[in-house]
Every structure is written in C-alpha cells, then in structure tokens.
Amino acid sequence: MAKKRILLKLGSNTLTKETNHISRGKIEDIGMQIAALKDDYEFIIVSSGAIAAAKQFVKLDNHDKDVFVKQALASIGQPHLMRIYNENFSDLGLHTSQCLLSYSDFEKKQTKANIVNTINVLVKNSYIPIINENDTVATDEIQFGDNDKLAALTAVLLNVDILIIATNTNGIYTKASIKDEFPETIELVTDLELLQKEIGDSKSSHGTGGMQSKIDSAAIAKAANIETWIINGLEDNFILKALKNEIPFTKII
Ligand SMILES: Nc1ncnc2c1ncn2[C@@H]1O[C@H](COP(=O)(O)OP(=O)(O)O)[C@@H](O)[C@H]1O
Ligand SMILES: N[C@@H](CCC(=O)OP(=O)(O)O)C(=O)O
C-alpha cells in the first residue's frame with residue numbers, strides 16, 4: 001500500500017518548547033515519531049526556528065525587531081538549526097535535507113515543477129526535506145505568518161494527505177472556554193466560516209501569526225481536499241497520539 005504523505009509544520013514555539021533555545025529533546029521526540037511511522041508515512045517538514053537558533057549564539061548590533069536584523073539572524077541560525085536536526089535525526093537512522101523557499105516560488109510554473117521534482121527525489125530516497133522560508137530574499141513569514149502559509153502552499157504543491165500544524169494549544173478552543181483552566185477543543189471542523197467566530201487575536205510568546213494564520217492555511221489546504229490537523233506540539237509523541245486519537249486536537253476536513 002502507498003505510504004500516506006504528511007506535511008509537518010513546526011513553529012519556533014514548538015521547537016524551543018517556549019524557551020529561548022532550540023530544544024534538542026523536542027527535535028529528538030519528533031525524529032523518534034517519524035522513525036516509528038516511517039513504514040506507513042512519508043514526512044516533509046516545514047520548520048521555523050532559524051532566528052531562535054541564532055539568538056542562542058549571537059546578539060546583532062541593531063534593533064532586534066528590524067526585519068533586516070531578523071533576516072540576518074535567520075541566515076546565521078539556519079545552518080545551526082539544520083545541524084541540530086542532522087545530529088538528532090541521524091542517530092535515529094533518518095536522513096535530512098534542506099530546502100529554502102519563498103512565496104514567489106509558488107507562482108511560476110517552472111519553479112513549482114523544480115520544487116516538486118527535487119522533493120520527490122528526496123522522499124523517494126528516504127531523505128526528509130526540511131523546508132524554511134528563504135529569509136534573505138523574502139520577508140513574508142518573518143513579518144506575518146509563522147510559516148503557516150508556506151506550509152499550506154507546500155502541502156498543496158506536494159499533494160500531501162495531511163497537513164499537521166504543531167502549535168502550543170490543544171488545537172482550536174471555543175471562544176467561550178478560551179480563558180478557562182481546561183479550555184474546550186473544537187475537535188472537528190467542516191465549515192471554516194463558522195470557525196472564524198471562535199478566533200481571538202492573541203498570540204504566543206514566539207508566535208507571529210496567531211490562530212488566524214492557521215485557519216487561513218487550513219483554507220488553502222481544504223480547497224485542495226487536504227485535511228489540516230492542529231495539534232499541541234509541546235506534548236511528547238503528539239503525532240503518534242493524534243493518529244490514535246489519544247489527545248484533543250482540531251481536525252479541519
Ligand atoms: N480559538 C483559539 N484557540 C486556541 N488558540 C487561540 C485561539 N484564538 C487565538 N489563539 C492564540 O493562538 C496562539 C497560537 O498561534 P501562534 O502564537 O502564532 O503560535 P505558533 O508559533 O505555534 O504558530 C495560541 O497560543 C493562542 O494565544
Ligand atoms: N523563517 C523564520 C520563521 C518565521 C516565523 O515567524 O515563524 P514561527 O517561528 O513559526 O513564528 C525562522 O526560521 O526563524
């Protein structure tokens with residue numbers, strides 16, 4: 001039977017476990033899950049974390065919030081991020097590769113074909129493509145969107161079965177319960193317009209897009225008949241547990 005294809009989007013919040021440095025433990029947790037599922041699923045990762053990785057090592061002589069400082073930090077952090085993936089994944093027998101893309105690459109027939117062809121060869125040869133925005137030439141995701149849209153565009157282009165967006169909540173909560181000690185997860189969504197009413201404009205400490213950018217991404221995926229699962233990536237084994245329905249998360253179909 002053909003393997004199912006999963007596009008896994010990992011934000012800085014998940015990768016740092018909401019701290020100020022990339023968590024090797026979290027990257028190992030993700031690698032172990034991919035290794036456990038590799039006979040039935042193939043994985044393509046869209047990973048943020050370049051800026052967070054750089055901040056572990058350097059402080060640049062400019063204002064941290066300037067976009068071009070973020071671009072420079074991403075340039076410094078990206079090879080470190082890939083090194084950490086490489087070190088942890090290779091211990092688990094997994095091979096990694098890096099692809100840097102920007103929105104404009106999804107607008108041209110030739111560049112789209114190049115992305116598909118490259119990634120299909122990588123996946124066929126058991127290499128896990130780890131994609132990030134090419135932050136030197138594009139600033140869309142550093143400014144607006146958590147790599148969520150990049151993940152959705154990639155999911156559609158590569159015709160995946162499931163888009164998993166890892167975040168720091170147990171999926172999308174009902175607006176009425178969001179401030180409760182145990183907020184209630186909306187487990188199944190078929191109507192994105194109804195869901196829109198539940199979304200607040202709050203964001204987490206490292207986040208840029210909030211829940212809205214995840215809904216926008218789910219809409220892109222849904223239009224291509226791809227399911228989006230919004231899962232709490234801070235939880236150990238979050239993919240394995242979601243596949244077995246052992247944790248609350250939001251499925252948008
Ligand atoms: N209905 C909702 N359910 C859950 N989280 C919500 C909701 N509305 C807004 N949010 C906010 O969205 C945040 C997740 O988005 P974001 O901060 O961008 O994180 P990430 O870096 O994981 O993409 C949550 O931590 C929460 O503050
Ligand atoms: N390309 C950037 C990601 C930009 C971003 O805002 O994403 P996220 O860390 O998911 O909020 C990086 O790798 O740091």
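Note: hydrogens, waters and symmetry copies are ignored here, and every other heavy atom, side chains too, is used. Residues take their numbers from the sequence shown, with the count starting at 1. Atoms within each ligand, like the ligands themselves, are counted from 1 in listed order.
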For ligand 2, which atoms have a heavy atom of [X] less than 4.0 angstrom away?
X     : value
Ile51 : 12 (C), 14 (O)
Ser12 : 8 (P), 9 (O), 10 (O)
Ala50 : 12 (C), 13 (O), 14 (O)

Any nitrogen or oxygen of [X], main chain or side chain, under 3.5 Å from a nitrogen or oxygen of ligand 2?
X      : value
Gly11  : no
Gln78  : no
Asp135 : yes
Ser48  : yes

> Heavy-atom distance to atom 5 (N) of ligand 1: which of Lys197, Lys9, Met211 wins?
Replying inline: Met211
Could you tell me if [Y] and [X] have a donor-acceptor pair between their side chains, going purely by distance under 3.5 Å?
X      : Y      : value
Asp105 : Ser102 : yes
Asn147 : Ser48  : yes
Asp148 : Ser213 : yes
Ser47  : Tyr85  : yes
Asn168 : Asn13  : no

> With backbone taken as N, CA, C and O and side chain as the heavy atoms from C-beta onward, which portion of Ile178 lies under 4.0 Å from ligand 1: side chain, backbone, both, or neither?
Replying inline: side chain
> Backbone, side chain, both or neither: what part of Lys214 comes under 4.0 angstrom of ligand 1, heavy atoms only?
Replying inline: side chain
Go through ligand 1 atom by atom and flag the ones less than 4.0 Å from a non-hydrogen atom of [X].
X      : result
Thr167 : 14 (C), 19 (O), 20 (P), 22 (O)
Tyr173 : 1 (N), 2 (C), 3 (N), 4 (C)
Asn13  : 19 (O), 20 (P), 21 (O)
Gly171 : 4 (C)

> Does His80 have its ring centroid less than 6.0 Å away from the ring centroid of Phe57?
Replying inline: yes
> Any non-hydrogen atom of Ala74 lying under 4.0 Å from ligand 2?
Replying inline: no
> Hey, is Lys9 one of the residues with a heavy atom under 4.0 angstrom from ligand 2?
Replying inline: yes
> Got a sec, which residues hit side-chain hydrogen bond (donor to acceptor under 3.5 Å, both in side chains) with Thr174, two or more places apart in sequence or on another chain?
Replying inline: Ser177
> Taking atom NZ of Lys3 as the centre, does the number of heavy atoms from other residues, nucleotides or ligands within less than 6.0 Å exceed 12?
Replying inline: yes
>> Tell me whether Lys38 forms a cation-pi arrangement with Phe43, defined as NZ or CZ under 6.0 Å from the six-membered ring centre and within 45 degrees of its axis.
In response: no
>> Within the 4.5 Å heavy-atom criterion, are Thr228 and Ile220 side-chain neighbours or not?
In response: no
